[in-house]
Amino acid sequence: MPEPAPVTPAAAAAVATTRDPAAPAAAASGRPARGRRFDPASVATHAVLSLGALAMIFPFLWQLLTAFKTMPEAVRVPPTILPEAWNWAAFEQVFTAVPFAEMLTNSLLNTAGRTLGQLVFCSLAAYAFARLQFRGRNLLFAVFLSVLMVPPQLLVLPQHEIMMKLGLLNSVPALFLPGMFSAFGTFLLRQFFLALPRELEEAARIDGAGPFRIFWSIMLPLVRPALAALAVITAMWSWNDLLWPLVVNTDPAKAPVSAGLISLEGQFMTNYPVMMAGSVIASLPMLLLYVLLQRHFVQGIALSGSKG
Amino acid sequence: MAVFPSTAGAQQAERRLRNSGRGDGRSPAGGAGAGAKGGRRSQRAAYLFIAPIALGFLVFYIWPLLETFWFSFTSFGAFGGNSWVGGENYERVVRDVTVGRALGNTVLYMVMGLMTLPVAIVLAELMNRRGLRGVPVYRALYFMPFVTLPAAVGLVWNWLYNGDFGMVNEALSWIGVDGRYWVSDPSTAVYAIGIVMIWSHIGYYLIIFTAGVKAIPRDYYEAAEIDGAGPLRRFFRITLPLLSPSIFFASVICVINSLQQFDLIFVMMSPENPALGETQSIVTLFFKWAFDENSQGAAAALAFLLMLLIAALTYLQFRFQKRWVHYA
């Protein structure tokens, strides 16, 4: 973010000199400089923003600190801030109490399946809608858009029945199968394909490239930023999704962590260090991804608005 | 940031596309010209490109939608098969008092959700201060809760809200206020959940508003400052009106999202929580009917009621936007 060039005290003094003969004295006493450094409005802004930021991260800090405490220490009143001794017992217990490693694997596979599926299926369809001519294109696109407007809860019952008929209940594919197809993803990518120059395709066609080759080698690389934004946003929704996993996978060993944490809550109603350790581990992958790919998250969020 | 094409650009591209399509169509019908051949080839390719997702939509979205509609008029038989019951399910939805309560709670969640917007607007305005340092860090921290999975968020907040050892009560005791069992007290549970909702969505709306605020030309503020307008006046006379398209977009999204509230409520309210009925939303009630009580028909009818509600509120928002949204 480009910041406006700061006005140096010297420059301010120079301007002042030409206007007011008394100014050099004021500049010498450091008033303009101090005014800039200790701007009270700026200090107040920082105070408000840091207070808010503290409220945003306090639950995370508390979660982390509690995870390292022993159970008796966790429920002590008044609470200790830092654990008396940093112990890892809760982190180990999470993995023995519930099939936590399996849950993490399920989450990973679910996230990978949905994200890859969307990247492949949505980019193909988006390219066709944006760049190719075919009969019924507008009608089909309208149908796609109407899928976007249907609340996901409306579809859960029959989707569950389909999974049951396919014999997929309590399996990992059940987690990601419907989520591989996204109207939002198609819509998002189509917008990007529309903006690409037409000449590129024409040149490739003259060189004898077929539609798939044009798509794969020329157009797809050009919408990479959009693919990245779609990927991180889809990954986030998939990792965090709760309703659908609760519907199709009731076996804890087949559930992702988003739903598995609840089985932890049921079993360890009062063991807060274990629950907090589980929460920390379950949130960590998305937080890391966010720290690494912040720009794409922000872009995806700014473009999306509703869940994909 | 200019990756996302403007609507105008997209429309232009589309127009160009359509024109070229018409051109293809005009090429001689029986001719074996290269253009016509390419057109047919690309036509076939287009169907192949769309086939996978179209199949997925048909199986997982369009067919289920029709089936839900059918479900809503049937009752699930004990020996398999659904039997037609007419409007019975809809009658239950309209008559059932728990639906009324869930509807009331859902509207309350919506109102609390909308309260996130002014907070996010003020934060976006503060972060837009010229020369303010550390803005990217602030933005990253405010956005963190939104990235975190709701299950973890719910567990942590339940722990903070805990009536016996929770940090919230501890902090209140420092200022001499008596604590309570926030999430199991029927009079506070819904607000306790609302606060977590607001907390976790601030960062999301902050991003939307930051983009909106950044798009307002600096000159406006400078001109206003020269005219002697203070920060408050500049906020109300420049920021708010010029931000209104973003505010409109955010409020539409916010209404849709908060009417579909499920995750946090489900995680924070255990089945034996005495305040459960006081916090139930339409979607948690739907889940209960569909999967705990096995009354899929009524659940389907409830889901359609939710869709109607969302459609109606979205329509109203679009209808009234002319009154307050200023497009520059």
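So you know, we letter chains A, B, ... as the sequences are listed, proteins then strands, and number each from 1. What you see below is based on every heavy atom in this structure, not just the backbone, and it leaves out hydrogens, waters and symmetry mates. Keep in mind that this is a model prediction, so the values were computed, not measured.
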Of all heavy-atom pairs between [X] and [Y], which one has the smallest distance, and what is that distance?
X      : Y      : answer
B:M167 : A:F58  : CG-CZ, 3.6 Å
A:Y290 : B:A140 : OH-CA, 3.3 Å
A:M56  : B:L141 : CB-O, 3.7 Å
B:I50  : A:A125 : CG1-CA, 4.0 Å
A:Q159 : B:P64  : CG-CG, 4.2 Å
B:L149 : A:S258 : CD1-CA, 3.3 Å

Considering only heavy atoms from C-beta outward, does the side chain of [X] approach that of [Y] to under 4.5 Å?
X      : Y      : result
A:V156 : B:F291 : yes
B:V156 : A:M276 : yes
A:P158 : B:W63  : no
A:P152 : B:Q260 : yes
B:W159 : A:M275 : no
B:L132 : A:L49  : yes
B:F60  : A:M163 : yes
A:Q294 : B:F143 : no

Give a yes or no on whether the backbone of [Y] and the side-chain of [X] come within a donor-acceptor separation of less than 3.5 Å.
X      : Y      : answer
B:T68  : A:L154 : yes
A:N240 : B:P150 : no
B:W199 : A:A55  : yes
B:Y138 : A:G52  : no

side-chain contact (heavy atoms from CB on, under 4.5 Å) between A:M149 and B:T314, worked out: CA-CA 11 Å; A:M149 292 171 197; B:T314 309; over 6 Å; no

Inter-residue atom distance [X].[atom1] - [Y].[atom2], 0.5 Å rounding:
X      : Y      : atom1 : atom2 : answer
A:E161 : B:E67  : CD    : CD    : 5.0 Å
A:Q153 : B:M307 : CD    : CE    : 11.5 Å
A:T66  : B:F165 : OG1   : CZ    : 12.5 Å
A:R76  : B:E170 : CZ    : CD    : 12.5 Å
B:F287 : A:L243 : CZ    : CG    : 6.5 Å
A:T45  : B:N128 : OG1   : CG    : 11.0 Å

Contacting region of [X] [heavy-atom separation from chain B under 4.5 Å]:
X      : result
A:I262 : side chain
A:V143 : side chain
A:T186 : side chain
A:F193 : neither
A:M180 : neither
A:M236 : side chain
A:A41  : both
A:H46  : both
A:R295 : neither
A:V75  : both

Region of B:L306 that comes under 4.5 Å of a non-hydrogen atom in chain A: side chain

Structural part of B:L65 lying under 4.5 Å from a heavy atom of chain A: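 Contact with chain A: backbone and side chain both.
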
Distance flag, aromatic centroids of A:F181 and B:Y61, threshold under 6.0 Å: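 Between A:F181 and B:Y61, which both carry aromatic rings, the centre distance is not below 6.0 Å.
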
Of the listed residues ([options]), which shares the most heavy-atom pairs with chain B below a 4.5 Å separation?
options                        : result
A:A183, A:G117, A:P178, A:S283 : A:P178
A:V150, A:V247, A:L287         : A:V247
A:L289, A:V291, A:L242         : A:L242
A:F121, A:F215, A:F144         : A:F144

Parallel, tilted or perpendicular: ring planes of A:Y127 versus B:F49, cut at 30 and 60 degrees: tilted

Trace of the side-chain contact (heavy atoms from CB on, under 4.5 Å) decision for B:F286 with A:L157: CA-CA 10 Å; B:F286 162 83; A:L157 279 169; 4.1 Å; yes

